Amino acid sequence: MKIILEYNLFYISIISTVLISLLVVARFLLGRRIHRIFFSLAWMIVLVRLLLPLCVTVPVGCPGILDKIYGWIRSVPAGRYFSVWAAGAAMSAIFFVVRYVMWGRILREALPIQKVPDIDEEMFTFMGIRVYVSDRIASPVTYGIFQQKVLLPKYYMELTREQLKYILIHEKVHIDGHDNLNKSLVILALCIHWFNPFAWLMYVCYNRDLELACDEKVIRQVGEDSRKVYAGVLISLAQERPAVKPVYSGFAQNAVKERIIMIMGYRRARIWNYVLCGVLALFSMVVFAVPVNTEEKAELTIQNKQPIPVPEEVEEETLEAVEVFKVIEEDAIGTKADVVVKTKENVSLCIKIHFRKELAVTNGSFISFQLKGKEWEAGIDNEYDGTVTIPEAVSYKGKVYPVTGIGNYTFYQCRKLRKVVIPNTVVEIKEKAFQSCESLKTLRMPENLELVEANPFVGCRSLESFKAPEGTEMKGQYQVKEGVLYTDYGRFLKVFPQGKKKKKFVLEEGVSQIAVCGFYGAQLEEVYLPESMLRVKSCAFQNCRNLKVIRAHRNTVFSGDSLAGAWRARILRYD
């Protein structure tokens, strides 16, 4: 699970539509049971989803139909319609800016409030808000975002002290809750997603729920016994219509009938109310999640559960074994041991021996680790500058154990490591085995290779090519073509070397998939995918910062975060 940037505005809008629809339904069915304060908070989650291009990848498989829907959404060539979107966004912004300017004129014409008989001046100052009077409005309204002002209609002198008190408390709640700022952010989201009718529906519902939530807060302050008087003030002020419909928070605006019903039926929230709202809030966070198809991970898991056999044609007697230099620890039941051996370059290397299974080079990230009071030497020194030859086998207690795997983090951040010689006994390379080996330029793959997990070479920015065994073909499903590593007998691109100096790359016909992080950090500017390409998996082009164009067939499905970090890239479809 990780946070990624989502580049597809259309995808964000469609996913947000799901939550908007659910909130509208919940508002209709449970509006009188759930306090509107919770609904106003739920709308904030939708707002964050609409404004922030962030997603959280969730490593779960999804049904085929969902996978197709996700693929269809991301296959929409949004870049072609940029000018249309920009025109619509500009028109929407102009509409709201004009309304703001109109209210600016009203504010300039407003006058500071004068002293009223029988009403203390403290009424207007004890709350710390500035109050003005305008003959252009028919009900109180709060104007401004950072320096907010309360505008009262000219007939305020006819109001009683109690009525004026409720009005000022209501507007004070708006000011303390920064409601005008929240409204401005909602308008910003509306201008960005102007093409989505559900965004406009959210705008209407949010404004109503904001006023209802404000009414609830006022009732909590003045007490439930004052509900009838407060509702009466609302009704009296709603009898007049404003000359200009306000953009900002007003006392007697937005569905007066709905507000009166809520005020008279107000009850304090119960425990089940909070529980239901918590469930609703957690469920709403789903819109930030991107399901990542775990096909490949499932395959790896199945293979990992099975013992990795030592190639039958290689006999133990023919292997060149090295003696154990130091025993770090051996478990009590005699199934495995962590030992240190010396390579022919006299480099200390940690080996994990599985007496009844396989053996792997492991845990290179732990240079020193305290275990039961002992110093655990693991992997190699990440400051080592030179070559490391992994031994074919280890001799321990009179028996030879072939080295068949390179484990997680074995050479992690060995930035100065120049060359690694991998013996043909190795059949498995784990994820992150060579991560951030920045000086590694070429790597010869073993001929018996059976499994390479998700790009173990992430961060190897100098790695220019993979090489096949000298003078031989690889015996399994892995292949090396033009320095690129493939699997499934050439139909599945596994790893494109990050340091390969090539601006344009054309995949040959017959390649049907690109693996997770397959092109991670590549320096390419243009990639051409063949018609046979069915699926581009998660993070396939992650951090390809020079990438500008990916030409793909209209049926090719891209995972949600396949272009994470590839800021400039766009997908051009062909038939």
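As the structure is a prediction and not an experimental result, all values here were calculated from the model.
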Once you round to the nearest 0.5 Å, how far does [atom1] of [X] lie from [atom2] of [Y]?
X: L440; Y: S462; atom1: CG; atom2: OG; result: 8.5 Å
X: K342; Y: E323; atom1: NZ; atom2: CD; result: 14.5 Å
X: E453; Y: K494; atom1: CD; atom2: NZ; result: 8.0 Å
X: K503; Y: E526; atom1: NZ; atom2: CD; result: 12.0 Å
X: I328; Y: I351; atom1: CD1; atom2: CD1; result: 10.0 Å
X: L443; Y: K467; atom1: CG; atom2: NZ; result: 10.0 Å

Donor-acceptor contact present, side-chain [X] to main-chain [Y], <3.5 Å:
X: Q542; Y: G565; value: no
X: T556; Y: M533; value: yes
X: N424; Y: E447; value: yes
X: S532; Y: G510; value: yes
X: Y478; Y: V452; value: yes
X: W194; Y: A86; value: no
X: E392; Y: E320; value: yes

Check whether any side-chain heavy atom of [X] lies under 4.5 Å from a side-chain heavy atom of [Y], and answer yes or no.
X: I571; Y: L563; answer: yes
X: N182; Y: W43; answer: no
X: L349; Y: P391; answer: yes
X: Y574; Y: R554; answer: no
X: E508; Y: E482; answer: no
X: N196; Y: M202; answer: no
X: S395; Y: V322; answer: no
X: I192; Y: L50; answer: no

### Query
Think K432 forms a cation-pi with Y412, using NZ or CZ under 6.0 Å from the six-ring centre and within 45 degrees of its axis?
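Ring-cation test returns no.
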#### Entry: Check: T389/E345 side-chain N/O donor and acceptor closer than 3.5 Å
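Distance-only check passes for T389 and E345.
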Residues, nucleotides or ligands: over 12 heavy atoms within 6.0 Å of [X] [atom1]:
X: E509; atom1: CD; result: yes
X: K419; atom1: NZ; result: no
X: R461; atom1: CZ; result: no

### Query
Between K537 and S562, does a side chain to side chain donor-acceptor pair (under 3.5 Å) hold up when you go through it step by step?
CA-CA 6 Å; K537 295 199 172 185; S562 56; over 6 Å; no
### Task
Hey, can you tell me if F457 and F434 have their rings parallel, tilted or perpendicular (30° and 60° cut-offs)?
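Judged by the thresholds at 30° and 60°, the geometry between F457 and F434 is parallel.
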Minimum heavy-atom distance between [X] and [Y], given as atom pair plus value:
X: V427; Y: N448; value: CG1-O, 3.3 Å
X: V495; Y: V484; value: O-CG1, 3.4 Å
X: V340; Y: S348; value: CG1-CB, 3.9 Å
X: P423; Y: P446; value: O-CB, 3.4 Å
X: C544; Y: G521; value: SG-N, 3.9 Å
X: L463; Y: P497; value: O-CB, 3.2 Å

### Query
Can you tell which of F541, Y528, F496 makes a ring-ring contact (aromatic ring centres under 6.0 Å, His included) with F505?
F496
### Query
Among K416, R415, R418, whose salt bridge (Lys or Arg N to Asp or Glu O under 4.0 Å) with D385 holds?
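Result: among K416, R415, R418, R418 is the only option passing the salt bridge (Lys or Arg N to Asp or Glu O under 4.0 Å) with D385.
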### Message
Evaluate Y486 against R491 for side-chain contact (heavy atoms from CB on, under 4.5 Å), listing each step before the verdict.
### Response
CA-CA 7 Å; Y486 294 82; R491 293 189 291 267; over 6 Å; no
### Task
Could you walk me through whether L190 and Y206 pass side-chain contact (heavy atoms from CB on, under 4.5 Å), step by step?
CA-CA 12 Å; L190 187 60; Y206 174 73; over 6 Å; no
### Query
Salt bridge or not for K441 and E464, using N-O below 4.0 Å?
no
### Query
Looking at K397 and E330, does any basic side-chain N land under 4.0 Å from a carboxylate oxygen?
yes
### Message
Going by side chain to side chain contact (heavy atoms under 4.5 Å, CB included), R49 matches just one of I12, V18, L19, I20. Which one?
### Response
I12
### Task
Could you walk me through whether F558 and I550 pass the side-chain contact (heavy atoms from CB on, under 4.5 Å) test, one step at a time?
CA-CA 11 Å; F558 285 77; I550 300 176; 4.0 Å; yes
### Task
For residues Y384 and F411, establish whether the separation of their ring centroids is below 6.0 Å.
no
### Message
If you apply the rule side-chain contact (heavy atoms from CB on, under 4.5 Å), what do you find for L449 with I422, and how did you get there?
### Response
CA-CA 11 Å; L449 191 61; I422 304 175; over 6 Å; no
### Worked verdict on R535 versus S559 for side chain to side chain donor-acceptor pair (under 3.5 Å)
CA-CA 8 Å; R535 181 176 177 82; S559 294; 3.2 Å; yes
